[in-house]
Amino acid sequence: MTEPRKARVATVSLAGCFGCHMAILDIDERLIELMKLVEFDRSPLTDMKTFTRRCDIGIIEGGCCNEENVHVLRDFRRNCDVLIAIGQCAIMGGLPAMRNAIMHSDAPLRECLEEAYITGRYIRNTTHNIPNDPALPLLLDQVYPCSDVVQIDYQIPGCAPSGDVIFNMLSQLLAGRFHGFGHENIRFD
Amino acid sequence: MTSPDFTFVIDGRAIPGKPGQTIMEAADAAGIYIPRLCDHEGLRHQGGCRVCTVKAAGRSVSACTQPAAPDLVVESETPHINKLRRDLVEMLFHEGNHLCPICEASGNCELQAMAYRLDMTAPTKMPYLEPCRELDVSHPDIALDTNRCISCGRCIRASQDVDHKGVFGYVGRGIHRRVAVNGSDLAHTDAAVTDHAISAEVCPVGCILRKRVGFATPIGEREFDHGPIGHEIEGGSSD
């Protein structure tokens, strides 16, 4: 009799800080247990930039701040059966979404870039230009949570979620059914 | 003549009630926590946030304003009512800018603690309204970020009834109703950092902020790191 095939998992960091991927590694030695059940496909952990085949679980860190994020997120939706948004950035925009609330400006994105590259008090930018290389993905007008772009199936809240929460959630999901976090484990920060 | 004490039922448990007590007051005294945001100990009841909604004799009422009555049958912790409460809290999260990772009220925030208690973790299709209201940092000791305001009105009642000042008030009608200060900005009111309305316990979220004290308490020692919201009331009955 053949062994049941391992669940295929893909992960990506969009407009995030990679903290949630660090949190995935915080599962520590239980990763060995987890790796008996899953194999990673497209992920920064495998350094694979494209899907080799359809995956069972896609884990998304970060929201969408540029067109490439939207493209990648849609690619994940197309190639994954279950999408999990991990961390506050993926769930509701998180820290990058602070730029959505820049006050008193008709062009908040321009103001944000000008302060970051030109007018900021602690900036040393000898070109006095906002980076505009054609290779750079275009920024969106706002930072969008993943659920604004595609259907998200599950969320793991936290900034970043603890390794325990991620491990328990994935274990339950791989066992067939997610029963919830238990309110003592929910953290938004 | 005062009518005698009586009993009524919450979630199948007989609870002693006194004439004039609301359902919530009697529940608190009996060690049953009914979730609430706009109600605060020492302030008059408002019944505005509706998070304390219970079914009393089959009707949806706010437990903080509905008087307890003899033999009343109240349902509180049912999946249906908790779903209603979770939806209300979720809408508050969508209506304002509640970015927990950057908010200095995180860990001490009743809205956040309520979301934890009510298991607000499922994906949603509601849009984030992302208001862009101006910050008021005019006062030397106090800052206001009304993008985080949930319009509970606790500061209004604290300022009027406890401080006898009237620094805060509601403006606008319907969906446009918001809490505003009684002046061009906070510096042009008689607000003081020692006011009860400004104290950390009155504002349930990170809207009214005392300057130079943010992030002083480390993670793990903040109010709701010690237990879920309501645990003091629920723990009180077994002591």
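Below, chain A is the first sequence line, B the second, and so on; all start at residue 1.
- Residue-level contacts of residues 98-119 of chain B with chain A, in order of numbering, are B:His98, B:Leu99, B:Cys100, B:Pro101, B:Ile102, B:Ser106, B:Gly107, B:Gln112, B:Ala115, B:Tyr116, B:Arg117, B:Asp119; threshold 4.5 Å between heavy atoms.
- Only the side chain of A:Gln88 comes within less than 4.5 Å of a heavy atom in chain B; its backbone stays farther off.
- Using a 4.5 Å cut-off between heavy atoms, B:Phe224 contacts chain A through its backbone alone, with no side-chain atom that close.
- The main-chain N or O of A:Gln151 is never found under 3.5 Å from a side-chain atom of B:Lys125 such that the two would form a donor-acceptor pair.
- Heavy atoms of other residues, nucleotides or ligands lying less than 6.0 angstrom from CZ of B:Arg212 number more than 12.
- Dense packing is recorded around NE2 of B:His226, with more than 12 heavy atoms of other residues, nucleotides or ligands lying under 6.0 Å away.
- Counting non-hydrogen atoms of other residues, nucleotides and ligands closer than 6.0 Å to NE2 of B:His176 gives a total of 12 or fewer.
- Only the backbone of A:Tyr154 comes within contact range of chain B, with at least one heavy atom under 4.5 Å from a heavy atom of that chain.
- Atom NZ of A:Lys6 has more than 12 heavy atoms from other residues, nucleotides or ligands within 6.0 Å.
- Atom CZ of A:Arg74 is surrounded by 12 or fewer heavy atoms from other residues, nucleotides or ligands within 6.0 Å.
- The local environment of CD1 in B:Ile175 is sparse, with at most 12 non-hydrogen atoms from other residues, nucleotides or ligands closer than 6.0 Å.
- Shortest non-hydrogen contact noted between B:Arg222 and A:Asp189 is NH1-OD2, 2.7 Å.
- Of the two parts of A:Pro108, neither the backbone nor the side chain holds a non-hydrogen atom closer than 4.5 Å to a non-hydrogen atom of chain B.
- If you measure heavy-atom distances from A:Asn185 to chain B, you find no contacts under 4.5 Å at all.
- A:Arg177 CZ: 12 or fewer foreign heavy atoms inside a 6.0 Å radius.
- Residue A:Phe40 places its CZ atom among more than 12 non-hydrogen atoms of other residues, nucleotides or ligands, all under 6.0 Å distant.
- Rounding to the nearest 0.5 Å places CE of B:Met126 at 12.0 Å from CG of A:Asp148.
- In terms of heavy atoms, A:Gln155 sits closest to B:Thr124 at OE1-N, 4.3 Å.
- At a threshold of 4.5 Å between non-hydrogen side-chain atoms, the residues B:Thr121 and A:Met169 do not count as touching.
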